[in-house]
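Counting starts at 1 for both ligands and their atoms, in listed order. Atoms considered below: every heavy atom in the structure, side chains included; atoms not considered: hydrogens, waters and symmetry mates.
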Amino acid sequence: MTDLMVEASVVTKDYKISRGLFRGKEVLRAVDKVSLSVNRGETLAVVGESGCGKTTLAKIILGLLEPDSGTVKLCGIPINEISRTDLAKLVQPIFQDPYSSLNPRKTIGSIIQLPLIVQGDKNPENWRKRVLTTMDLVGLPSRMFDQFPNQLSGGQRQRVAIARALINRPKIVICDEPTSALDVSVQSQILNLLNELRRELDLTYVLISHNLAVVEHMATRVAVMYFGEKVEEAETDQLFKQPKHDYTKTLLEFYSHS
Ligand SMILES: Nc1ncnc2c1ncn2[C@@H]1O[C@H](COP(=O)(O)OP(=O)(O)OP(=O)(O)O)[C@@H](O)[C@H]1O
Ligand SMILES: [Mg+2]
């Protein structure tokens, strides 16, 4: 059993973008030879400005995108050797926008229970119980089981997305700007919840954020990305005290003035 939960080695991803009808394709390198590893129980933050490749990297770690070169291992196993269903049991995403990620026509109960059915839990009597236990875990009252997403607040909707991600008890969770769409007052509640859940369920997080306050509050280590490359990585305290790369220094300067 390894404690190395995520290991990405020299991962590169290009997008081919059309430049118009007769002008052929241009290649955009979204992720450029990025290596990172995350140990069990850690939160690795990935920071960097818009368009620097954070979400692309997240999708590669989730197995939603294949890298052009490089490898990703989860729990020591190459990701391309893990079946779809096993992958979904191992790693789950929590995305930024709980409005667009929840089907407005489904009840909260059925949204959270869907991954159980996908994973082939053949015991419908179990479903309700497991959903209610997970709802309780993320701080959703059971009466919301039969309600619809539009009847919930933004924070409650993000709790539904978290419950859905955790119902099959994954080991790794990739949070891509998990609180950026939320009201400031709700952000810290959700971040505290994510921290509690990590300890309680022995989770390992990759946390993507451009908000350094979030990073300081949550992360064990921080990787800084700049135009697709990882330009710096350090323990959180160390990075805030002694940034090395010029881009990191600029980021922190803006942070201390904001
Ligand atoms: N499907 C796609 N096809 C073509 N280009 C893409 C695609 N997805 C992303 N890109 C480009 O790749 C680069 C990296 O995008 P990515 O979404 O990974 O950035 P990001 O760091 O998550 O940005 P943000 O902070 O705004 O979410 C950007 O220049 C983006 O325009
Ligand atoms: Mg993104």
Review point. Roughly how far, to the nearest 0.5 Å, is CG of Asp3 from CZ of Arg40?
Key: 5.5 Å
Review point. In terms of side-chain geometry, is the basic nitrogen of Lys54 or Asp176 positioned less than 4.0 Å from the acidic oxygen of its partner?
Key: no
Point to revise | Separation of Thr85 OG1 from Asn168 CG (nearest 0.5 Å) | key: 10.5 Å
**Study point:** Heavy-atom neighbours of Lys59 NZ exceed 12 at 6.0 Å
**Key:** no
Point to revise | Heavy-atom side-chain proximity of Ile94 to Gln158 below 4.5 angstrom | key: yes
**Study point:** Atom-level proximity to ligand 1, residues with heavy atom under 4.0 Å
**Key:** Tyr15, Ile17, Leu28, Ala30, Glu49, Ser50, Gly51, Cys52, Gly53, Lys54, Thr55, Thr56
Donor-acceptor pairs under 3.5 angstrom involving side-chain atoms of residues 64-76: please list them, not counting sequence neighbours.
{"unit_1": "Asp68", "atom_1": "OD2", "unit_2": "Asp14", "atom_2": "N", "d": "2.5"}

Check your understanding: Minimum heavy-atom separation for Ala163 to Ile112, with atom names?
Key -> CB-CD1, 3.7 Å
Without placing hydrogens or testing angles, list every side-chain donor-acceptor pair under 3.5 Å for residues 224-236, not counting sequence neighbours.
{"unit_1": "Lys230", "atom_1": "NZ", "unit_2": "Ser35", "atom_2": "O", "d": "2.8"}
{"unit_1": "Lys230", "atom_1": "NZ", "unit_2": "Glu233", "atom_2": "OE1", "d": "2.6"}
{"unit_1": "Glu232", "atom_1": "OE1", "unit_2": "Lys244", "atom_2": "N", "d": "3.2"}
{"unit_1": "Glu232", "atom_1": "OE1", "unit_2": "His245", "atom_2": "N", "d": "2.7"}
{"unit_1": "Glu232", "atom_1": "OE1", "unit_2": "Thr248", "atom_2": "OG1", "d": "2.8"}
{"unit_1": "Glu232", "atom_1": "OE2", "unit_2": "Lys244", "atom_2": "N", "d": "2.8"}
{"unit_1": "Glu233", "atom_1": "OE2", "unit_2": "Arg221", "atom_2": "NH1", "d": "2.1"}
{"unit_1": "Thr236", "atom_1": "OG1", "unit_2": "Ala219", "atom_2": "O", "d": "2.7"}
{"unit_1": "Thr236", "atom_1": "OG1", "unit_2": "Thr220", "atom_2": "O", "d": "2.9"}
{"unit_1": "Thr236", "atom_1": "OG1", "unit_2": "Arg221", "atom_2": "N", "d": "3.4"}

Check your understanding: Does a side chain donor of either His210 or Glu49 reach within less than 3.5 Å of an acceptor in the other side chain?
Key -> no
Practice item. Give every protein N, O or S atom lying under 2.8 Å from the Mg ion (ligand 2), naming each by residue and atom. Key: Thr55 OG1
